[in-house]
Chemist: 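This structure is in C-alpha cells; I'll ask about it shortly.
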Amino acid sequence: MSSESAAIRLAGKLLQLTEAGKIRWVDAGRLGPWGTWPGQVFKSEVEDASFAQIAEVPVPNSSIASYYFGVAEGEPEISELAAGGKEILKAFAEGFPAEPSEENRQLLDTLKRLYMAARDNAWGARQKVERFEQLLERMG
C-alpha cells in the first residue's frame with residue numbers, strides 16, 4: 001500500500017464526514033517554510049490524540065497550488081505541520097506535476113476537494129451564505 005493510496009482513502013473519508021457536518025476543522029493559520037507565499041493550513045482533531053491537517057501550498061509567482069495532507073498523533077502545534085505530534089502519514093500533491101500518474105491526479109483532486117471543504121467548514125461559509133440568502137429574501 002502506497003502512502004498516496006492511503007492518503008486518497010483517508011482524505012476521501014474526511015471529505016465525506018466534513019460534507020456531512022460530522023467533522024469540524026479549524027483554521028491553523030498561514031504557515032510554511034514554502035518560500036515567500038506561505039500556505040494556509042486547516043486541522044481537525046479526529047479523536048483525543050489524533051488529528052489531520054490539510055494545507056494549500058501556493059507556487060510562488062503562479063496561480064498553481066499544491067496540497068499537503070497529514071495524519072498525526074499527539075498534540076498538534078500551529079507553528080509547524082507536524083510539530084508536537086508523531087506524523088503517521090503524509091502526502092504531497094503537486095499542483096502541476098510533469099508526468100502525473102492516475103494516482104497523482106486522483107490524489108491532487110481529492111486533496112484539493114478536502115482543502116476546499118475544510119476551509120469552508122472552518123470559516124463557516126455555508127452558514128454565512130445561508131444568512132446572506134435570508135437577508136436577501138427579507139429585502140425582496
Side-chain angles (χ1 to χ4, degrees):
M1 168 179 71
S2 72
S3 63
E4 288 85 8
S5 61
I8 292 166
R9 273 196 333 279
L10 292 174
K13 289 178 183 182
L14 284 167
L15 176 62
Q16 290 174 342
L17 292 169
T18 300
E19 290 174 339
K22 295 181 179 182
I23 294 226
R24 180 79 179 126
W25 292 85
V26 295
D27 187 335
R30 297 181 79 57
L31 306 176
W34 300 302
T36 58
W37 291 35
Q40 178 70 43
V41 181
F42 296 95
K43 66 180 179 179
S44 179
E45 190 170 336
V46 178
E47 211 169 271
D48 291 339
S50 296
F51 62 97
Q53 296 187 107
I54 183 78
E56 183 176 63
V57 184
V59 175
N61 303 317
S62 171
S63 61
I64 298 170
S66 298
Y67 295 88
Y68 160 87
F69 172 69
V71 176
E73 292 179 322
E75 284 299 314
E77 292 289 331
I78 292 180
S79 62
E80 292 181 31
L81 288 175
K86 177 183 167 196
E87 200 163 41
I88 300 167
L89 171 77
K90 67 179 175 180
F92 189 78
E94 283 187 64
F96 194 67
E99 293 181 29
S101 67
E102 183 57 38
E103 190 173 57
N104 294 139
R105 286 189 191 105
Q106 188 177 6
L107 179 63
L108 178 62
D109 180 60
T110 303
L111 295 186
K112 183 176 183 177
R113 290 176 50 219
L114 177 60
Y115 175 82
M116 299 299 195
R119 181 196 65 194
D120 290 349
N121 180 277
W123 291 351
R126 180 182 297 164
Q127 295 84 355
K128 290 175 184 177
V129 168
E130 288 171 0
R131 281 196 304 268
F132 185 73
E133 187 174 21
Q134 290 168 358
L135 288 171
L136 293 177
E137 287 174 2
R138 281 188 265 164
M139 291 175 70

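The first residue of the sequence shown is numbered 1, and numbering continues consecutively from there.
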Chemist: Main chain of Ser101, side chain of Asn104: is a donor-acceptor contact present, judged purely on distance under 3.5 Å?
Modeler: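 Yes.
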Chemist: Might you work through the side-chain contact (heavy atoms from CB on, under 4.5 Å) test for Ser5 and Glu103, ending with a clear yes or no?
Modeler: CA-CA 7 Å; Ser5 61; Glu103 190 173 57; 3.4 Å; yes
Chemist: Quick one, Phe69 with Leu10, criterion side-chain contact (heavy atoms from CB on, under 4.5 Å). Give me CA distance, side-chain angles, the key distance, then yes/no.
Modeler: CA-CA 10 Å; Phe69 172 69; Leu10 292 174; 4.1 Å; yes
Chemist: Looking just at side-chain N and O atoms, do Asp27 and Gln40 make a donor-acceptor pair shorter than 3.5 Å?
Modeler: yes
Chemist: Might you point out which heavy atoms bring Ser44 and Arg24 nearest each other, and give the distance in Å?
Modeler: OG-O, 2.9 Å
Chemist: Would you check, one step at a time, whether the test side-chain contact (heavy atoms from CB on, under 4.5 Å) holds for Ser3 with Leu89?
Modeler: CA-CA 7 Å; Ser3 63; Leu89 171 77; 3.8 Å; yes
Chemist: Linking I/L/V/M/F/W/Y whenever their side-chain heavy atoms sit closer than 4.5 Å, directly or via other members, would Val46 and Val26 fall into one cluster?
Modeler: no
Chemist: Which residue is it: Glu56, Lys112, Glu94? I am looking for the one with a side-chain hydrogen bond (donor to acceptor under 3.5 Å, both in side chains) to Tyr67.
Modeler: Glu56
Chemist: Given Ile23 and Leu14, is the side-chain contact (heavy atoms from CB on, under 4.5 Å) satisfied, shown in steps?
Modeler: CA-CA 7 Å; Ile23 294 226; Leu14 284 167; 3.5 Å; yes
Chemist: What are the two closest non-hydrogen atoms of Ala55 and Val41, and how far apart are they?
Modeler: CB-CG2, 3.7 Å
Chemist: Hydrophobic cluster membership, with links at side-chain heavy-atom distances under 4.5 Å among I/L/V/M/F/W/Y: are Trp25 and Val129 in one?
Modeler: no
Chemist: Which atoms form the tightest heavy-atom contact between Thr18 and Ala118, and what is the distance?
Modeler: CG2-N, 4.4 Å
Chemist: Quick check for you: to the nearest 0.5 Å, what is the distance between Thr110 atom OG1 and Ile54 atom CD1?
Modeler: 9.5 Å
Chemist: Roughly how far apart are Lys22 NZ and Gln16 CD, rounded to 0.5 Å?
Modeler: 10.0 Å
Chemist: Do Met116 and Leu17 sit in the same hydrophobic cluster, where Ile, Leu, Val, Met, Phe, Trp and Tyr count as joined when their side-chain heavy atoms come under 4.5 Å apart?
Modeler: yes
Chemist: Rounded to the nearest 0.5 Å, how far does CD of Glu137 lie from CZ of Phe132?
Modeler: 11.5 Å
Chemist: Does any non-hydrogen side-chain atom of Phe92 lie less than 4.5 Å from one of Val57?
Modeler: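 A side-chain contact under 4.5 Å exists here.
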Chemist: Indicate the atoms forming the closest heavy-atom contact of Leu108 with Gly95, along with that distance.
Modeler: CD2-O, 3.8 Å
Chemist: Only one of Leu107, Asp109, Leu111 forms a side-chain contact (heavy atoms from CB on, under 4.5 Å) with Ile8, so which one is it?
Modeler: Leu107
